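Worksheet: one structure, shown below.
By convention in this document, chain letters (A, B, ...) are assigned in the order of the sequence lines, proteins followed by strands, and residues within each chain are numbered from 1. Values reported hereafter were calculated over all heavy atoms of this structure, with side chains retained and with hydrogens, waters and symmetry mates removed. Note that the structure is a prediction, hence the values are computed from the model and not measured.
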2 protein chains.
Amino acid sequence: MEHQPKKKATIYDLSVLSGSSPSTVSAVLNGTWRKRRIKETTAELIRDLADQHQYTANLQARGLRSSRSGLVGLLLPVHDNRYFSSMAQSFEAHVRSRGQCPIVVSACRDPEEERRTVETLISYSVDELIVAGATDPDGVHAVCIGSGLKHVNIDLPGSKAPSVISDNYQGARMLTEAIIRHFSDDLKLGPDELYLFGGRDDHASRERIRGFRAIKRELMQGDSDKCIEPTGYSPNMAQIAFERFYEREGKLPRGLFINSSINFEGLLRFMAQHPNEAFMDIVVGCYDYDPFGSFLPFPVIMIRQDIEGMITKAFEIMAENRPSVQTYLIQPELVPPRTALKGPLDAIKDIA
Amino acid sequence: MEHQPKKKATIYDLSVLSGSSPSTVSAVLNGTWRKRRIKETTAELIRDLADQHQYTANLQARGLRSSRSGLVGLLLPVHDNRYFSSMAQSFEAHVRSRGQCPIVVSACRDPEEERRTVETLISYSVDELIVAGATDPDGVHAVCIGSGLKHVNIDLPGSKAPSVISDNYQGARMLTEAIIRHFSDDLKLGPDELYLFGGRDDHASRERIRGFRAIKRELMQGDSDKCIEPTGYSPNMAQIAFERFYEREGKLPRGLFINSSINFEGLLRFMAQHPNEAFMDIVVGCYDYDPFGSFLPFPVIMIRQDIEGMITKAFEIMAENRPSVQTYLIQPELVPPRTALKGPLDAIKDIA
DNA sequence: CATTTTTGCACAATCGATGGTGCAATGAAT
DNA sequence: ATTCATTGCACCATCGATTGTGCAAAAATG
């Protein structure tokens, strides 16, 4: 399988071949040659040799010397849901358009793993980092400043670095209101028929809960802690919560605010265990959009966070030289049931 | 925001602090110190200093010297669907468990981008590479051997490197048969009511089409090219295909074999444009599993490829020193409608 | 023609870690 | 006491690129 594991050409090889010094070769190939007053013809010669020999710079060496790498990192909690995978997709497009190399890693919502992973990225002299949905953004921050790595939080805010997040309060208000209004007057939802499931004790969950409760108070004069069931971000815990509720009450609440599409998968698991009748009259509001989720057999209203907007803003902030530590809110969007939105994949040309 | 951008400690710093030589420090910190007969007490001293000063090795320097990086790459076509995001998730778990650092990048199904991206990875001395669903696996291969990078194709096979793929033929047979059998005898599906949509001219599509046709011939004595509509891997093209069909025939075929969940999103877009009646009697078989897709208002049978199995096999192959260039088939699994399978996220502990 | 300026490039240090080699000090064996 | 083996470590070249500096040759200036 390995044919010619011939070593890659280096500037030294080209230096010999061209008869000029390594530094000249280097300058020519990295674009600084005009500044160094290299003759056009010399440059041309070297460039020719370079692509004759398929020269590509050793980026580790370059990075070592210049302590920059051309890498831009995105730290995700997990890959496997449409919210974060869309984020990865948008992120890649952004980074590539700036001529850098995107690298995406996940840290499984584990604070320890988050820090370790960032340490590793730093060891590769990653130039910039977007920290998405970190469980411990400030812990990550501490690691970052230790080495002066520019970074911005996204999705979940930290208190020490600039953050770009959805307006979760507003989003939750919109979503909750939409759920309530989705019921016609004769089937009007009662305050204790509207529950929030999922999430945990993070900023996003808290804000969403706050929004949920605010609207509930405003529109239905009812609100109580028992209508809130945090389950963490796992399908399994959410499923258990639904099962418990069902056992207790003999049915699901008619109005369901689900705090993330991951938790929504818990509802799927519940559904798999129960006949359709168990949830034919429910209306679900889900924070985070999933195209397939939007077309389930009952009305599913979703919130789509403006991922593009957040990423764009994050890069703007990183471009500033002394970004202020503040949290920028990006407005999310309400998605009515049965809606197939375009996503980052649509930007990709497909050669059929 | 930047507090103490104090330089990171190096082995030289520790060398001064400890009074031993850089090489000793290096040996102690990278584990080769026993081999070098460093005294236990010296080692201890250095280790203490190291974590007092939060030393972490500069991996670019290490990589430069040793021409290995500890990085393992996964090249994806796209991030944004559950098949590939699950793959990323499994991949990360695998690589981490081996103490290396996973990095995931996508190349948008663009052969040129694929090669460029791999070039970049190589410049960082990535140790191993999994090439998933590449449009031009052999092109990538050419780049890889140029530098002796171990790599394995996954999902789509190449002719020059070992490949691990789903048994798409069998999978398509199972899926097609399941679609047909899902109709009761009185509503039996006719040969021209069963269509395949999506995919393009790649190995997976061809095999699936072959399986589809084989079963169609076997079970319904019918088969024709007009029942195959390749649309490329884009939601948009698929939608157009569905619309066209609908305009032409006044309805969708009752039996739909959809070649990828990405194409399935095209059906969602179609659905958004049409009342539910337009597809209340259809049965969809989709190659690739999406948990939400499984619960749509009509029966959706799915194929789940054994991602874990493929990744595991791929790493096994890469561990061999002279892997033979062959294609390994991994059996996929048929998923009945309304099924919520566990996925890689379930492996993640969630602190509620 | 002498001097200054500009052009074109080579030299060498450097980034941080690795690993082969060599050598002094210690302990064991004769 | 001498010889030999072992222990414990320092030295130094090296990986491939970047970059500040210096200097000869060519061109411009007077």
- Query: Salt-bridged, K313(A) to E308(A), with N to O below 4.0 Å?
  - Reply: no
- Integer-rounded Å distance: dA17(D) P and R68(A) CZ: 16 Å
- Task: Starting from the first five and the last five pairs of the helix from dC1(C)-dG30(D) to dT30(C)-dA1(D), work out the angle between the resulting helix axes, to 10 degrees.
- Result: 50°
- Using atom OH of Y124(A) as one end and atom C1' of dA17(C) as the other, report the distance to the nearest whole Å. 13 Å
- Message: Without decimals, in angstroms, what is the distance between N58(A) CG and dT18(D) P?
- Response: 10 Å
- Query: dA17(D) P sits how many Å from L64(B) CG, rounded?
  - Reply: 9 Å
- Message: For a quick check, with a 4.0 angstrom heavy-atom cut-off, what is the B/S/- contact string for nucleotides 4-13 of chain D, read 5' to 3'?
- Response: ---BBBBB-B
- Could you give the CG-to-P distance, from L59(B) to dG16(D), as a whole number of Å? 18 Å
- Message: In this structure, how many angstroms lie between the P atom of dT18(C) and the CD atom of Q60(A), rounded?
- Response: 12 Å
- Gap between atoms CG and P, on L29(A) and dA17(D) respectively (whole Å): 9 Å
- Query: Quick one: N30(A) CG to dG16(D) C1', roughly how many Å, whole number?
  - Reply: 12 Å
- Which heavy atom in V95(B) sits nearest to a heavy atom in P102(B), and how many Å separate them? CG1-N, 3.5 Å
- Message: Please report whether the ring centroid of H79(B) lies less than 6.0 Å from that of F84(B).
- Response: no
